[in-house]
Each structure stands twice: as structure tokens, then as C-alpha cells.
Chemist: 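One structure, pasted below without further comment.
Hydrogens, waters and symmetry mates play no part in the numbers below; they use all other heavy atoms, side chains included.
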Amino acid sequence: MPRGTSFRWVILALVCFIYMLVAADRANLGVALPAMKAEFHISNAEAGLFATLMFICFAASQIPSSILVRRFEPRYLMALGLVVAAIASYMIGTSVGPSDVKIYRSLLGIAEAMISVCSMTAINQWFSVRERGTATGFYWGASKLGPVLCPPLAVVIMQAFGWRGIFQIFAVPVLGAAIVWYLFMRSRPEDSRFVSAAELALIRDPQVHKEVRPGKHKQRSQVPAWLDRVIRLKRVPLIDTFGGVFRSWNLIGNTFATVFMIGIFNVFLAWIPSYLLNAKHFALGTAGLLSSTLFAGAVAGNFAGGWISDSLLGLRRKPLMMFGALFTAAAIICLIYSPPSVTFTGALLLFAGFAVGLGYPHFTTYPMSLTTREIYPIAYGICSTGAALGAACFPFIAGVILDSSSWDHVFVFLSLSSLICLAFLATIAEPVVSEE
């Protein structure tokens, strides 16, 4: 490997920090939700709308954001999105009723759509094909660090300043991230004065891609033939047109699978603190710490999944996506029968998070192997639209189920959703990575 700078990893660290802050807002809602319900005198279903409306706007803004990112530089659009997100988060803390919360959460969804598309476009531009799985794993792992670190901190803030202080205090670092991003980020590595010729060659040189194609004997020797048959490994032409994205069942099927997997995870984000408080009857501080174990498992799963896919599976993405869906269903069923033990509940939540985390990054890495760099923002926009729809609908559905039934029925719904995700994954092909 040629020697040179490693500035792409600095960019990745910045992208990870930004999305950690974005994800922290979603976890903070779960901590604040019981207090918001008590103050505004609302039902579980209406409380679920706080998360649902944000993700509806997030979904509706994905494709428009991806079109804007193709036309304008992510450097400017990301900075704009972060400023709007900081304002929206702060204004949630000024709400005098549930209608205000819904308005500001909707604005937050629009801003986060732009942030999400800019983040993944940056990873696709700044990393070679053999590093994208690892980079994406770190990215999604960092997004889980928000839910790992923030619930205990949010509890402390809420005890000192009330639930409003959570959203207002967390708006400050988001605004700071916008300034840092604008000063140091460039949309392409070719435009950055911190990138050496050696590093640029490592990112762009087609010969690097040829060396790591799964079709090569060295890569095939690491993966048993039966696994390639299960995941349907085949050569697929790169999609290089706008219309081709919408005609690809591989992309559409991946989007449907994403709806269910991301929906499951966002039920965890929105409702796990309430589950621990109301169903398991743990104290507030204990519930905050146990919520962190779920997301700690997801962080570990994201990091491990990205590295395993790049280093051990020859850039194959589907094996961990399918494995994660199957074991997520098993972990959720176990929650139904778990005793009210802090230790056992924590271990089970840790395993559930790890199972989800293993395949989670690859729902967005998978389209990178199907499209050119120029078309990827559109493919990601479609995939992320599915993710946002799942994130919007599933917390609301969970609230409706809770209003009429119990947590056991919520977990049955989530486990079935995980199996449906697995069924969609079985219909799509695993593309042999082509040189660009």
C-alpha cells in the first residue's frame, strides 16, 4: 500500500461525530417521552407520532435531498442541514403543547434527511470499494454511540432542567459541528489540500478495485461455495442512469427489507426506555443504563459487521444482513420470556443490539456495489426513504398495539417483521464488485 496521508479517516471521524449527534436526538426523545406524555396528557399513540412525523418528513425529503446533493456540493448542504437541525432541536424545548413538538420534529426530519444523504455520499466519494464496508460500519456504529452515551446523560439533564433542557442543550454541539464541517470538508478528495497523491490513488485507482473483486480466487477461497449459492452471488452491470435505479429489483428489494429492519430498530429507540420503566418496573436511572446496553451491542455489531464484510467475506454484504435479520427475530422472542432481572435483561438487550448491528450498515453499503459514484446518491435516497418509512410507521404501530394490548404483542410484531425482512433479502442478488 502506498504511503501517504490518511485524511479520509479524519473526514470519516467528522461524519461519524455528526451522525452521532443526529442519532442522539432520537434517543433523547425516548428518555423525554414519559415526561412529555405526563405534561401534555396524551396517549401512547399520539406520543408515537412525535417520532413518526419526523420520519415521515425524513422519508419525503430523501429523494429531493439526493437530487440536490447530485447538483450541489455536500459541503454546503450538510452545513445548512446541521444549522436547521440545531434550531429545530432547540425549539422543541420551547414547545407549549404537542402541536408545537410535531411541527419542530417535522422540521428536524427535513434537516436530517439532507444530513443523511450528505454523510453517505461523502463516504462513497472518499473511500475505495475495499474500505466502504468498514467505513460504513464505523459510521453506523457512531450513530449508535448517541443512544449509548446519551440516555444516562439525558436523565441527568432532565433531573436538573426538565425534559426541555435535553433538546436545548444538545442543540449546541450540532451548531458547532456545522462550522467545523464547512471549514474542513471538501465534497471530493481531489479538491482537498490535505489529500496526498498517494492517498488519492488509493481511493480512485481502478487497479485497487481489481485486486479485491470477490470473483478473484483469493477472495473465493475465504467463502464456502454453498454460501455464494445462498446469497445468489452473480455479476450485475453497474447502474449509471437515474431511471436504472428505479428498474432494479435488487435496489427495490433491498429497500423493502430496509423498511422492516430500520423500523424494528426505531421501535427500540422510541420505546425501550418506556418498556423498562412500565413493563419491567426498573428505576429511571436503571432504565437509562439498560437502554445503553442495547445500543452498545449495536455499536459493536456495526463495527464488527463492516470489518467482517470487507476482510473475511470478500466484500459480500448479504450474509450479515440475513444473519442479522434471523437472530434479531430470535432475540426479540426471548424478550417476551425474560425475567425482571437487571443482569439478564441487560445481557439480552446487548445481544439483541449486536444481532441488529451486524447487518445494519450493509443495507446502505449494498447499493454502492450496484451503482456508479455519481448515481449512488439517488440509490441511497430510495433506500433511505424506505428506512424512514419504517422508522416513521413502526413506533406509531407499537404505540397503537400498546394502547390496546401488551408488550408481548409488540415483540411478536417485531419478530415477524424481522422474518419478512429476511424473506425480501432472499430475493435479491449479491453483486460481484466491479471496478469503476
Side-chain angles (χ1 to χ4, degrees), residues 1 6-16 19 66 69 74 116-143 187-190 195 199-216 219 222-223 231 233 236 238-240 245 250-251 254 258 301-321 324 357-384 387 428 430-436:
M1 182 180 297
S6 299
F7 191 67
R8 66 193 185 283
W9 298 104
V10 176
I11 294 298
L12 178 64
L14 182 56
V15 170
C16 289
Y19 216 68
S66 65
V69 169
S116 174
V117 175
C118 288
S119 297
M120 287 304 301
T121 300
I123 290 175
N124 194 44
Q125 284 287 349
W126 278 78
F127 286 87
S128 69
V129 67
R130 74 174 179 183
E131 294 178 331
R132 288 176 189 164
T134 302
T136 306
F138 274 97
Y139 169 73
W140 287 115
S143 75
S187 297
R188 301 189 312 151
E190 288 89 343
V195 177
E199 183 174 20
L200 184 60
L202 188 63
I203 296 170
R204 296 288 191 241
D205 189 354
Q207 294 302 317
V208 174
H209 298 172
K210 289 181 180 179
E211 291 171 4
V212 298
R213 284 163 49 193
K216 294 297 184 182
Q219 292 292 328
Q222 298 177 0
V223 178
I231 63 176
L233 181 73
V236 179
L238 286 178
I239 300 169
D240 58 1
V245 172
N250 290 327
L251 288 174
N254 179 65
T258 303
N302 288 163
F303 290 165
W307 180 80
I308 290 171
S309 178
D310 280 350
S311 302
L312 302 182
L313 294 177
L315 309 184
R316 293 161 176 81
R317 312 305 182 189
K318 276 186 61 179
L320 293 179
M321 295 160 71
L358 272 178
Y360 195 103
H362 304 307
F363 288 91
T364 51
T365 309
Y366 176 81
M368 294 180 182
S369 301
L370 295 169
T371 64
T372 62
R373 276 192 168 100
E374 292 72 25
I375 291 297
Y376 173 73
I378 305 299
Y380 175 74
I382 295 173
C383 177
S384 194
I428 62 177
E430 175 74 53
V432 173
V433 179
S434 301
E435 60 267 29
E436 300 175 355

Chemist: Does D240 use its side chain to pair, donor to acceptor, with the backbone of T372 at less than 3.5 Å?
Modeler: no
Chemist: Report the relative orientation of the aromatic rings in W140 and Y360; use parallel for angles under 30°, tilted for 30 to 60°, perpendicular for over 60°.
Modeler: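 Perpendicular.
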Chemist: Any chance you could lay out the side-chain contact (heavy atoms from CB on, under 4.5 Å) test for L238 and L370, step after step, and finish with the verdict?
Modeler: CA-CA 5 Å; L238 286 178; L370 295 169; 5.8 Å; no
Chemist: Could you report the tightest heavy-atom contact between G305 and L320, atom names first, then the distance?
Modeler: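 Distance-wise, the nearest heavy atoms are O-CD1, 3.3 Å.
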Chemist: At their closest point, which heavy atom of V129 faces which heavy atom of L315, and how far apart are they?
Modeler: O-CD2, 4.0 Å
Chemist: Please lay out, stage by stage, how T134 and F127 fare under the test side-chain contact (heavy atoms from CB on, under 4.5 Å).
Modeler: CA-CA 10 Å; T134 302; F127 286 87; over 6 Å; no
Chemist: Looking at P431 and S369, what are the two nearest heavy atoms and their distance?
Modeler: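 Shortest heavy-atom separation between P431 and S369 comes out as CG-CB, 3.7 Å.
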Chemist: When rounded to the nearest 0.5 angstrom, what is the spacing between OH in Y139 and OG1 in T364?
Modeler: 7.5 Å
Chemist: Please determine, by modelled atom types, if Y380 and T371 share a side-chain donor-acceptor pair under 3.5 angstrom.
Modeler: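 Y380 vs T371: no donor-acceptor pair found between side chains.
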Chemist: Below 4.5 Å, heavy atoms only, C-beta onward: do P319 and E430 meet side chain to side chain?
Modeler: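 Answer yes - side chains close enough.
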Chemist: Could you check whether any side-chain heavy atom of E131 comes within less than 4.5 Å of a side-chain heavy atom of R8, counting everything from C-beta outward?
Modeler: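 Sidechains of R8 and E131: in contact.
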Chemist: Could you check if a side-chain atom of V236 sits within less than 4.5 angstrom of a side-chain atom of V432, using non-hydrogen atoms only?
Modeler: no
Chemist: Which value, rounded to the nearest 0.5 Å, describes the distance between I239 atom CD1 and L251 atom CG?
Modeler: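 Rounded to the nearest 0.5 Å, the CD1-CG separation comes to 4.5 Å.
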Chemist: How far apart are the closest heavy atoms of T136 and P361, and which atoms are they?
Modeler: CG2-O, 3.5 Å
Chemist: Heavy atoms only: give me the nearest F363-C383 pair and the separation to one decimal.
Modeler: O-SG, 3.2 Å
Chemist: So do R317 and I231 actually touch side chain to side chain, heavy atoms under 4.5 Å?
Modeler: no
Chemist: Any non-hydrogen side-chain atom of Y19 less than 4.5 Å from a side-chain atom of V15?
Modeler: no
Chemist: With the side chain counted from C-beta on, respond yes when K318 and N254 share a heavy-atom pair under 4.5 Å apart, and no when they do not.
Modeler: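 Not touching, per the 4.5 Å side-chain cut-off.
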Chemist: Identify the heavy atoms of E374 and P377 that sit nearest to each other, and give their distance.
Modeler: O-CD, 3.4 Å
Chemist: Under 3.5 Å, side chain of N302 to main-chain N/O of G357, donor-acceptor pair present?
Modeler: yes
Chemist: Measuring from I375:CD1 to N124:CG, what's the distance to the nearest 0.5 Å?
Modeler: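 CG of N124 is found 11.5 Å from CD1 of I375.
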Chemist: At what distance, to the nearest 0.5 angstrom, does CE of M321 lie from OG of S309?
Modeler: 10.0 Å
Chemist: As an exercise, state the distance from CH2 of W126 to CG of L200, rounded to the nearest 0.5 Å.
Modeler: 9.0 Å
Chemist: About how many Å separate CD of E190 and CD1 of I203, when rounded to the nearest 0.5 Å?
Modeler: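 Going from CD1 on I203 over to CD on E190, the span is 7.5 Å.
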Chemist: Answer yes if the ring centres of W307 and F138 are under 6.0 angstrom apart, and no otherwise.
Modeler: no
